[in-house]
Amino acid sequence: MAYTGAILMFFDIEHSALFPYLLHAKPILGLTITLLIAFNYRGKKTIISLLISGLALLLLVLANYWYINLFSEWILYAAFFFAAWYNGNFQYFFRFIQRFRKKETNLG
């Protein structure tokens, strides 16, 4: 579910007609992603994921409510996606790439 929430953040819609209703949608979605990461506790990598997600949430709240845009919004959305991925299966993917590279160097 955290992946889905992170992907949904990338979809920007023209919300001028729905402005009062969608003003809080992305921060609530960011908070939901952070909570889902916390509920899927897996030790040290969850703490790292929570730090990434928490920082992205803080920057998203600053951008949404105080109009302090330190980063582009897509970078914040990517941070949420990476935090969910890191908590889920990033280490498996990293080990897979390393194993593939080792086979490549042994062949050459």
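By the rule that hydrophobic residues join a cluster once side-chain heavy atoms approach within less than 4.5 Å of another member, Phe71 and Tyr77 end up as members of one cluster. Residues Leu51 and Leu70 are members of separate hydrophobic clusters, defined by side-chain heavy-atom contacts under 4.5 angstrom among Ile, Leu, Val, Met, Phe, Trp and Tyr. Grouping the Ile, Leu, Val, Met, Phe, Trp and Tyr side chains by contacts below 4.5 angstrom, directly or via other members, places Trp66 apart from Ile28. There is a path of hydrophobic side-chain contacts, each under 4.5 Å, that joins Ile48 to Ile33. One hydrophobic cluster holds both Leu55 and Leu35 under the rule that ILVMFWY side chains link at heavy-atom gaps under 4.5 Å.
Within the 3.5 Å criterion, the main-chain N or O of Arg42 finds a donor-acceptor partner in the side chain of Thr46. No donor-acceptor pair under 3.5 Å is formed between the side chain of Asn40 and the backbone N or O of Asn87.
Pairing each heavy atom of Asn64 with each of Tyr67, the nearest pair is O-CE2, 3.8 Å. Of all the heavy atoms in Ser53 and Gly30, the pair that sits closest is OG-O, 4.5 Å. The shortest non-hydrogen separation linking Leu50 to Ile37 is CD2-CG2, 3.9 Å. The two residues Ile52 and Ala79 have their closest heavy-atom pair at CG2-O, 3.6 Å. The minimum heavy-atom distance between Pro27 and Tyr65, with the atom names listed, is CG-OH, 3.7 Å.
Between Phe82 and Tyr86, the ring planes are tilted. Angles from 30° to 60° get that label.
Within the model, atoms CZ of Phe80 and CG of Leu31 stand 8.5 Å from one another, a figure rounded to the nearest 0.5 Å. Distance check, rounded to the nearest 0.5 Å: CZ of Arg95 to CG of Asn89 gives 10.0 Å. Atom CG in Leu60 sits 6.0 Å away from atom CG in Leu76 (nearest 0.5 Å).
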TODO: Please test Ile47 against Tyr41 for side chain to side chain contact (heavy atoms under 4.5 Å, CB included), starting from the C-alpha separation and ending with a verdict.
DONE: CA-CA 8 Å; Ile47 294 170; Tyr41 186 77; 4.1 Å; yes
